[in-house]
Amino acid sequence: MDTTRLSDYAVFGVLLLAGFAFVAAAMTANRLLRPSAPSKAKGQTYECGVDPVGKDWAQVQIRYYVYAFLFLLFAVEAVFLFPWAVVFRAFGPAAAVEMGVFVGVLALGLAYAWRKGVLRWR
């Protein structure tokens, strides 16, 4: 094996160890320097819109997760759509058809969610 490659791995290893050391030092400093005054009141649920039900259970409505999932879905679409639009002419008509299929599948998913009433806030 080439010695320059070994030196590259050595540099990577040193940087990796330095990164772990930095994180460990920051966590240790946080533990040592933070104020700690635990109490029963601090352990209770507050300002989150969820009333405690029972001992360890909380009621959370699924619509928050559905909106987050739909947001991520269309954010990923934008991540794929914008770079494609920049180099559209270099790809040709086959890529335009593939992107049309991609956007069509996402549109079908949006239409399905709309029809099921997922997007209606109650």
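Count residues from 1 along the sequence.
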State plainly whether one hydrophobic cluster holds both L16 and V11, where clusters connect Ile, Leu, Val, Met, Phe, Trp and Tyr through side-chain heavy atoms under 4.5 angstrom apart. no
Using a 6.0 Å cut-off, check whether atom CZ of R34 has over 12 heavy atoms from anything other than its own residue. yes
Going hydrophobic residue to hydrophobic residue with side-chain gaps under 4.5 angstrom, can you get from M99 over to F82? no
Quick check on the hydrophobic clustering: are Y112 and Y67 connected, directly or via other members, by side-chain heavy-atom contacts under 4.5 Å? no
Shared hydrophobic cluster, F22 / F12 (ILVMFWY, side-chain heavy atoms < 4.5 Å): no
According to ring pair (Phe, Tyr, Trp, His ring centres under 6.0 Å), who are the partners of F69, at least two apart in sequence or on a separate chain? none
Taken to the nearest 0.5 Å, the spacing of L73 CG from L110 CG works out to 8.5 Å
Using every non-hydrogen atom in the two residues, find where A78 and P83 come nearest and quote the distance to one decimal. O-CD, 4.1 Å
Please report the shortest heavy-atom distance between L106 and F74, naming the atom on each side. O-CZ, 4.2 Å
ILVMFWY network linking W114 to V105, side-chain heavy atoms under 4.5 angstrom: no
